Structures are given as structure tokens and as C-alpha cells.
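See below for the structure under consideration.
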2 protein chains.
Amino acid sequence: MGRQRPGTPTLEEVAALAGVGRGTVSRVINNAAGVKDSTRRLVQRAIAELGYVPNLAARSLAGRRADAVALVMTEPDWRQFGEPFFSEIVRSVGDALTDTKVQLLLTLVRTNAERQRLVEYARGGRVDGVMLMSVHAEDALPDMLAEVGLPTVLLGRRSGDESVTYVDADNVGGARSAVAHLLSHGRRAVATITGPRDMYVAQCRLRGYREALERAGAEGRPSWIVQGDFSEDSGRRAMAELLERAPEMDAVFAASDTMAAGALTALRAAGRRVPDDVAVIGFDDFPLAQRTDPKLTTVRQPLEEIGRAMVRLLLEEMEDSAVAWRHVILRTELVLRDSA
Amino acid sequence: MGRQRPGTPTLEEVAALAGVGRGTVSRVINNAAGVKDSTRRLVQRAIAELGYVPNLAARSLAGRRADAVALVMTEPDWRQFGEPFFSEIVRSVGDALTDTKVQLLLTLVRTNAERQRLVEYARGGRVDGVMLMSVHAEDALPDMLAEVGLPTVLLGRRSGDESVTYVDADNVGGARSAVAHLLSHGRRAVATITGPRDMYVAQCRLRGYREALERAGAEGRPSWIVQGDFSEDSGRRAMAELLERAPEMDAVFAASDTMAAGALTALRAAGRRVPDDVAVIGFDDFPLAQRTDPKLTTVRQPLEEIGRAMVRLLLEEMEDSAVAWRHVILRTELVLRDSA
DNA sequence: CTGAAAGCGCTAACAG
DNA sequence: CTGTTAGCGCTTTCAG
């Protein structure tokens, strides 16, 4: 495997050239206070002349920190990676880190070998903290990291009693407001296409659906609830099933943007008019569903804030290891686009 | 910033517990030959008992390597990140690395500050090599890395005389075969929607278009060439322009999947039938355009092979720093889907 | 086959 | 304000 380029100048050579001690050079490259301006410039000239770049391994070893954090995506199904949800989160986390000297590293974990490699990487001190996206309920990775004291932040709980620091959106509230909106606009038979049963986020959105019905004193029916898996195709199939099982349905709440897109396609294929015959609201506000219906009303997650909150919690946990864990739940927002 | 967890066991403690020297423990954790089986087991037991994990900073410092490589995306426009092209490349690079002990790190470079941070990260020895995706012609990042001797591989040339190791698809050949296909099926007036003039990949696809016309002895017209920027919207606008400027047009070669999708939308909006009135071929074989027209014929890039080739070249360059640079051009393939 | 010793390049504490 | 001195934890000779 590749060795580091030889002949790379060291801090010591810089010190020699500048005619100062190593400590002084160290202070200069770390922007520490308490260095005479003239010597600082002397050192900087030497650094420039030699093209010196600090060896990060040595710095980590001596300073006991990496100045890097990882944003991990644990997704066996790789298609998810391309979804707007993830690229937006990555973008916002990157933004939140842009003015720090912390390097953001994205890593992908699909297999158990990769999981192990990541744990060794993190425990090995190459990153000071880890953010995890799209963690499934049975995934032990968060515990493997948190148990050894590594600052860890999850995007989304794995269950109702998550024991690792997390940031989540108000999925129950978002779903509730979507369904309440449909009911208050005269819809009587609101169906829902849910996500995978083993994902907490899907459970929450289903709970919100149920709560909205209850609060409105509306009667739900088992046939109005159809299972999907967040994919477009599952949305299509679910809608086909609904059309057959619940012909009275006049509105649908889809637990994801992608499934909403599939549902819309299936509705149109069946000759139903949207929203006149059947109104649709999807969770998440992404291009796919909107391309399918520009007037689609959606529940928007504040992705920008989610990324920011993850970074903030992580940095705080890195500063102060006293806090065991905590969480932040962010508000969602109903984006009305005149298709009730 | 976060300090490394204290109380982490060190190799020395493992050695003490196992009653052996530090060198022996080092040999065991590195699977080096020449350790008696009984002592090896002794050491392994001690490692397990202590929950020992090697400190990677110390290992890097002593061993002069990081066992990690970076896959960098330099894309000021973040929407690109979600595109299938990138997620596929990331996936295939990850696959190619999965059986090694090399950790893959994705990083994003948008601003110059981030560019600088990456260079310091890489030159600082945190990675043994760098792969760059989506590099624009004026980007100095590849040179900054390659000049200091860091193994570097580009995905796509920046220009015709690229001086850094790269992997590229046969863009000229792919475009040529697409256009040749249209011509050989009776199309007479083949227009093209090109990519940004300052991207070499776009120049190549345009050259392929021209070559196909020449070889067929067909007469091209300036009005048949319209500029896009690879975006869906630009495809739509370009097609609108073509419909006006070149009403005789009976086929279009779009230099990207996304622009093909936009072009199809505009064609339909104008009441033209596809492919009867106008045939379309797009470069790249992604969901967007196919969703717009399931029968779309496309030029497919072998993304799987591209990722593999990048990793292979990078690892080779890491082994052997004698080679200055080299390149691999991969074949493209016309995927026929009966819309001539 | 295994132990001891010499660094890898840097930070941080401590004198001056 | 600045030089000196200890390590940080591991790999890698070099003896034994």
C-alpha cells in the first residue's frame, strides 16, 4: 500500500530554517496567541519556502484529536443514496461545518465488514465524532460507537426509547396535520400508504394518521391502510390495492414523497382525477412527486435545520462528554399547493 | 474540540497482559507471519479481554500510510450530487474496495476553503490517494494533489492533454454510434443538444456527433446544434429552440440523459410524436429520461467498470510511484429500446 | 521466533 | 515571548 511521499518537510526543518524552536513553529501553525509578530512572519516565510504541511497523523497522536467527523450512511439498498433526502442532508451538514476546521467525511456502510471497518476507523481515533443517517431499528452500529464513548448523533430514532443522541422531525405531527387538512377540506375516506413496519419513522407517520382521524371523530377502516416500502413502485402497487379494496376512498396520505409519486401514477392510470376524485398528500417535499403533480400538497421536513442541529449536537458532545444523550425534534410544515 | 476517549488500552498494555513484547503484539494484529501459534492465541485473548483497538494515528505515523483513500466530488452545484451517475460511481468504487482494508472516504469540495482543507488533509497523510469526480476544466485541485506526489485518479479528463491519471468513457465513440444509428435508420436531419462548452466531456460528445455526420457523408447545419448545460430545463429550452430554428429536424441526440428528458417533454408539449416525428437518443442510461419515455434508446456508460478501473489505477499508483500517469478509456454501449 | 530499542512528527507543559 | 523536553502509540529493524 502507498507510503507517504518521502522528503516531506517537517516542523523541525521549518524551525531550523527560521532559526526558532519547534514549539514556536507549532504555535504559529496553530494560530496560538503569544508569538511576536516579527517571529511569526519569520516562521511563515520558512513554511512557505519549504512548502511545509503539518503531518496530521503526528498531530492526532500528540493532540489526541482528528479534527474530522464522519457522516455515515448505513443503507443496504444503494438506490436510496441518490435520493434528495440524503443529498440535502449532506449539503446542509457540509454547510454547517464549512467555517470550522473540521473535515467532513462521508462513508458508506452496507456490509458487516464495512461496519466493522468503520468502527475500527472511528475507535482508532480518525474521527472525533460520528453522525448516522438512515439507521434501521436493528442496527447495532450506533451502540457500538456510543458505548465506547464516541460522540454519536443519529438522524432519526430507531425506536421510541432511543438511547443515543438524535435529531428527528416531528413525524407524528406532520402526518397528523396532513390528514387533518384533508378531513377539514371535506374528505371523508382518507386512506394511507405506510412505510416499512420495522422503521420507526413509518410507525410515527402511521400514528399521526390515526390520531388525526380520532381527533376528528372520524371512523377509520382497516382497508384504508396499505403497506408500502417507501419506493415509488410500492406506492403504485399500494394505490392499485386501495382502488380495489376501498373504492370509497377520496383522499390518500402517502408516508413518503416517492410513494406519493407512484400513487399518483396509479390513480391516473385508473382514470381517477386528482384531486377531484382523490386528493393526495405526501410526506417530504421532493422533485419526484412534484414532477408527477406540480400542485401536490406535501409535508416538508426542515432538512437544512436537521443538518445544522446534527452538527451542533455533535460538536457539543465533542466538547463536553458529560452529557449522556439528548435529542432535538424539529417541526414539520404543511406546504399547500392548492390541490386539497 | 473532542479529545479521544481516555483509558483506551494500548498495545503496550496488551503486551503486558499477554506477557510478551510489543513487537509480538504488533505482528499479531497485522497478521504478520512468524509468530508461534500458541503465542498468537495468547495475544488474541489479551486483545479481546482488553477490547483493544489500534490507534490509527500512531499506526499512520509509524507506518507512513493511512489505509484510506478519498473519493472527492468537486461540484459547486449541489443538485448534481443526487444524480444517478454519482451514486452509481460511489457504489462501484465502494464495491471495488470492499475486500481490502482500505477505508473509502467521500468528501465534498465546493468552496476554495474546502479545497484547501482537502489538500491539507491529503498532503497531511490522512489518505493514501485521491479519486476525483466531476472535475471542471479550470480546476487546479488535481494538479495541487498530483504535483506533490499524491496518487491521484480523475474520472473524466479536463482536456485533451490531461496530465493526471484518468479513467474516461469513450464519449466520442458513444455519440458517434448514437448519431450513426439515427442516420442508418432513415433520419436525415439529426440535431444535437450539447453540454457546457467548457466541459471536455461535452466537447467530445459534440465531436462524435460531427464525425458521424461526416462519415455518413451527411450535410450538417449550424442551426441543428443547440447549447444546453446538462440540466433538464436546458433540454426543454433547447428543444423549443430547435423546433423553431430547425423545423425540418427529425431526430435529436442529447448529450445527457437529463437533457433528453427535458427535450422529450418539450417535444410532446409541441404536439410532436416520438419517435414517429422526431426520434431521440440520450447519452447516459438513467431513470429520468426513461421515466419520460420507457422506450428511449440511450448510450450507456459502463459505470461499474469505471469505478473498478479508478480503484485499480489508484491502488497501482500507490504501490508503484514510478509511473507518471496513464489512462483508461472505457467502451460505451448503445442500448436499443425500439424507439429508433 | 521474540524482545528491546529507535524513531515517526507533532503538541503541550515547563522553564527560562 | 520562546526554547527545551517529554511523551502520544505504533512499526520496524536489530539482536538474541
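Each chain gets a letter, A, B and so on, in the order its sequence line appears, and its residues count up from 1. Quick caveat: nothing in here was measured; it's all calculated off a predicted structure.
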Checklist outcome for this item: Contacts of Ser92(A) meeting side chain to side chain contact (heavy atoms under 4.5 Å, CB included) (sequence neighbours excluded), chain-then-number -> Glu304(A)
Checklist entry - Can a salt bridge be assigned to the pair Arg117(A) and Glu120(A) using a cut-off of 4.0 Å between side-chain N and carboxylate O? => result no
Checklist entry - Taking five pairs at each end, how big is the angle between the two axes of the helix from dC1(C)-dG16(D) to dG16(C)-dC1(D), to 10°? => result 40°
Checklist entry - Are Glu49(A) and Arg45(A) ion-paired here, with the side-chain N under 4.0 Å from a carboxylate O? => result no
Checklist entry - Tell me: CG of Leu11(A) to C1' of dA12(C), nearest whole Å? => result 13 Å
Determine all donor-acceptor pairs shorter than 3.5 Å in which one atom belongs to a side chain in residues 32-40 of chain B; sequence neighbours excluded.
residue  : atom : partner  : partner atom : Å
Thr39(B) : OG1  : Lys36(B) : O            : 2.7
Arg40(B) : NH2  : Ala32(B) : O            : 3.0

Checklist entry - Name the one of Val311(A), Leu313(A), Ile329(A) that satisfies side-chain contact (heavy atoms from CB on, under 4.5 Å) with Val167(A)? => result Leu313(A)
Next on the checklist: Within the 4.0 Å heavy-atom criterion, would you say Leu56(A) contacts the bases, only the backbone, or no part of the nucleic acid?
Outcome noted: nothing
Listing time: all N or O pairs from protein to nucleotides 2-5 of chain C that are below 3.5 Å?
residue : atom : partner  : partner atom : Å
dT2(C)  : OP1  : Thr39(B) : OG1          : 3.1
dT2(C)  : OP2  : Lys36(B) : N            : 2.7
dT2(C)  : OP2  : Thr39(B) : OG1          : 3.0
dG3(C)  : OP2  : Gly21(B) : N            : 2.8
dG3(C)  : OP2  : Thr24(B) : OG1          : 2.6
dG3(C)  : O6   : Arg27(B) : NH2          : 2.5

Next on the checklist: So Ser26(B), base contact, sugar-phosphate only, or nothing? Heavy-atom distance under 4.0 Å.
Outcome noted: base
Checklist entry - Would a distance-only check, ignoring hydrogens and angles, find a side-chain to backbone donor-acceptor pair under 3.5 Å from Ser60(B) to Arg65(B)? => result yes
Checklist entry - Is it true that a side-chain atom of Glu317(B) and a backbone atom of Leu314(B) form a donor plus acceptor pair closer than 3.5 Å? => result no
Item to check | Rounded interatomic separation in angstrom, taking CG from Asn31(A) and P from dT11(C) | outcome: 12 Å
Item to check | Minimum-distance nucleotide to Ala62(A) side chain [options: dT11(D), dT11(C), dG9(D)] | outcome: dT11(C)
Next on the checklist: Using side-chain heavy atoms (C-beta onward) and a distance below 4.5 Å, is Arg59(A) in contact with Ile29(A)?
Outcome noted: yes
Item to check | Closest to the Arg59(B) side chain, choosing from dC10(D), dC8(C), dT12(D) | outcome: dC10(D)
Checklist outcome for this item: Smallest heavy-atom separation, Ala66(B) atom then Gly125(B) atom, equals CB-O, 3.4 Å
Checklist entry - Closest approach of Leu145(A) and Val148(A), non-hydrogen atoms and distance? => result O-CG2, 3.1 Å
Checklist entry - Using a heavy-atom distance cut-off of less than 4.0 Å, which residues of residues 46-54 of chain A contact DNA chain C? => result Tyr52(A), Pro54(A)
Checklist entry - Given dG9(D), is OP1 or OP2 found less than 4.0 Å from the side-chain N or O atoms of Arg64(A)? => result yes
Item to check | Rounded distance in Å - CG (Asn55(B)) to P (dC8(C)) | outcome: 18 Å
Next on the checklist: Output the rounded distance in Å from CD (Glu13(B)) to P (dG9(D)).
Outcome noted: 8 Å
Checklist outcome for this item: Separation of dG9(D) atom P from Asn30(B) atom CG, nearest Å, is 17 Å
Next on the checklist: Please report the distance, rounded to the nearest Å, between CZ in Arg123(A) and C1' in dG9(D).
Outcome noted: 15 Å
Just distance, no hydrogens or angles: give the donor-acceptor pairs under 3.5 Å from side chains in residues 152-164 of chain B, sequence neighbours left out.
residue   : atom : partner   : partner atom : Å
Thr152(B) : OG1  : Leu150(B) : O            : 2.7
Arg157(B) : NE   : Asp168(B) : OD2          : 3.1
Arg157(B) : NH2  : Asp168(B) : OD2          : 3.4
Arg158(B) : NE   : Glu162(B) : OE1          : 2.9
Arg158(B) : NE   : Glu162(B) : OE2          : 3.4
Arg158(B) : NH1  : Asp139(B) : O            : 3.1
Arg158(B) : NH1  : Asp143(B) : OD2          : 3.0
Arg158(B) : NH2  : Asp143(B) : OD1          : 3.3
Arg158(B) : NH2  : Glu162(B) : OE2          : 2.6
Ser159(B) : OG   : Asp161(B) : N            : 3.4
Ser159(B) : OG   : Asp161(B) : OD1          : 2.9
Glu162(B) : OE1  : Arg158(B) : N            : 2.9
Glu162(B) : OE2  : Val164(B) : N            : 3.2

